[in-house]
2 protein chains.
Amino acid sequence: MALDENWYTEIHTDAGSAFSLKVRRKLHDEQSEYQRIEVFETEGYGRLMTIDGLVMLSDRDNFIYHEMMTHPALFSHPRPRRVVIVGGGDCGTLREVLKHPEVESAVQVEIDERVTRVSEQFFPALCGSNGDPRAEFFFGDGIRWMKEAEPGSIDVIIIDSTDPVGPAKGLFSEPFYRDCLRALGEDGLLAQQSESPLYHSTSIIRPMHDEMRKSGFLDTLTLFYPQPVYPSGWWSTTLAAKSAPVAFLREEQCEQKCFETHYYNDAIHRAAMAVPEFVRRELLG
Amino acid sequence: MALDENWYTEIHTDAGSAFSLKVRRKLHDEQSEYQRIEVFETEGYGRLMTIDGLVMLSDRDNFIYHEMMTHPALFSHPRPRRVVIVGGGDCGTLREVLKHPEVESAVQVEIDERVTRVSEQFFPALCGSNGDPRAEFFFGDGIRWMKEAEPGSIDVIIIDSTDPVGPAKGLFSEPFYRDCLRALGEDGLLAQQSESPLYHSTSIIRPMHDEMRKSGFLDTLTLFYPQPVYPSGWWSTTLAAKSAPVAFLREEQCEQKCFETHYYNDAIHRAAMAVPEFVRRELLG
């Protein structure tokens, strides 16, 4: 069946697949200094934000991604007080970070202020914690920000960026990881979105582990979860620990967490660490 | 971006989403006694089989579904000797079942012989165990077959059917489950595909648990896994046990399994049992 002009479609060229959402109307369209930002009202997924034609998030399923980018890292650090988010302009990751009472400061370092302003307007639920006194916003280049960060000043870095093409490419490479490592404290942890296990195990996930370890991170681990609006509907977050085994989990606090989630819980945390057979082979191979 | 006529698209009307694969050419198209069966050669997913316009399987990702329909059930039964597959005409589930050396007989009860013949022609890898002396083929109505099955004669029933519409609807209801329960031996186990956790938790998964328990099954459990070509890219198998807790796992045999898989392993088995927060609420609610 063909799709008429009432559908938004993202084509995943290398995989020969495409994902589409039926659209009621376009709510917003702007060319910012960095990229084209669009917002659509869809039939079944609530609102949809795209950047340069790629799906960033939908109301319906962003909870999975934002929770899996945040809570595993924060419950794997013994005392996450100082958190920095690189990217994450829609503020959904920031909101999840601020659910943790241990967090004393959360800095969102987003290159494009317009993404945050558009999110405030069209995705108010994601921005519900922007007024939290622990939240800080810096709009500028995350790579330069990290280069200039005070050594040992961060507990958890979350890299919530677009795909490793264009301006985000530098966020997937050894020089940036070295700067992250220096900025992290002793038990420091880094979490980065690492694309689709089906499409990118050898092209992105395995090189990411290699680059992180070459940069000096002691241990790395990829977590797997569904994400319907992203290519293949299956996604991953890769964790890197500065000096401790990364599979550590503050079990009691996690099991008795004092906030609500929609995907994440302690069983899901442990489950996300299970590596499918073909991924295991592709990461080792 | 619009998709031209070189794409095969399945629209998921209720969800307002669609999944597409780029097609090189159509290899087969027939109207069988029961349904329209088509086979395409795609750009990135190998061959694709559709029935009545719905994706059944692709070369690239069917391994996840077939493994998760089979190995969790077989490793959760203490001694699975006699297995019956209802549906499963493409023979992929049968192939996985026959990897277990404990299995003495595996009967595939498929209503449409043409699905199996088309699969033999276009998906030979899935049919690689059809010549196994333990394999039996019965082409006919699974509901009637189960009604007439000898009580206590089956260890594991796998219901590998299309969606619960049309002829498959009866496979999702109490009378059929009662017949399954009677046909199962003491430690008997049933495994059934139960659609998308995101789209069908309240409409299909929860009623399935209810019907299974009303039919007399002691315990039920849903397993979650990615399946890129199915609606939402996220899928599930629901297990029902006649007389024992269904989360049982033959740990040692599973950890040291004597055959190769591409998705399943013991960690994945345990991980698939983790229930996301919103699903837990929707199953209880």
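Note: hydrogens, waters and symmetry copies are ignored here, and every other heavy atom, side chains too, is used.
Put simply, the side chain of B:R25 never gets that close to the backbone of B:E41: no donor and acceptor are under 3.5 Å apart. Looking only at distances, a side-chain donor or acceptor of B:S119 sits under 3.5 Å from a matching main-chain atom of B:D90. Checking side-chain atoms of A:S194 against main-chain N and O of A:I205 turns up no donor-acceptor pair under 3.5 Å. With A:E43 contributing its side chain and B:G16 its backbone, the two residues share no donor-acceptor pair below 3.5 Å. No donor-acceptor distance shorter than 3.5 angstrom exists from the side chain of A:Y199 to the backbone of A:W234, with no hydrogens or angles considered.
Residue contact with chain B, scored on non-hydrogen atoms closer than 4.5 Å, involves the side chain of A:E260 exclusively. The contact between B:V275 and chain A is made entirely by backbone atoms, counting heavy-atom distances below 4.5 Å.
Taking chain A as the reference chain and counting heavy-atom pairs below 4.5 Å, the highest number among B:I64, B:I268, B:D14, B:V23 is found for B:I268. Listed options A:A271, A:A15, A:P276 were ranked by heavy-atom pairs under 4.5 angstrom with chain B; first place goes to A:P276. The choice from A:L198, A:V279, A:T42 that makes the most heavy-atom pairs within less than 4.5 Å of chain B is A:L198. Between chain A and the options B:H262, B:K22, B:H269, the largest number of non-hydrogen pairs under 4.5 Å is found for B:H262. Interface summary for chain B: among A:A18, A:P197, A:G44, the most heavy-atom pairs under 4.5 angstrom belong to A:A18. The residue among B:D266, B:D61, B:N265 with the most heavy atom pairs within less than 4.5 Å of chain A is B:N265.
Under the rule for a ring pair (Phe, Tyr, Trp, His ring centres under 6.0 Å), the partners of B:F122 that lie at least two apart in sequence or sit in another chain are B:H28. Applying the salt bridge (Lys or Arg N to Asp or Glu O under 4.0 Å) rule to A:K99 yields the partners A:E96; only residues at least two apart in sequence or on another chain are considered.
If you check the side chains of A:R206 and A:H200, you find no donor sitting under 3.5 Å from an acceptor.
Among pairs with a residue in residues 44-56 of chain B, none fulfils salt bridge (Lys or Arg N to Asp or Glu O under 4.0 Å), at least two apart in sequence or across chains.
Within residues 222-233 of chain B, the residues having any heavy atom less than 4.5 Å from a heavy atom of chain A are, in residue-number order, B:P226, B:P228, B:S232, B:G233.
A cation-pi arrangement is present between A:R60 and A:Y45, with the terminal nitrogen or guanidinium carbon under 6.0 Å from the aromatic centre and inside a 45° cone about the axis.
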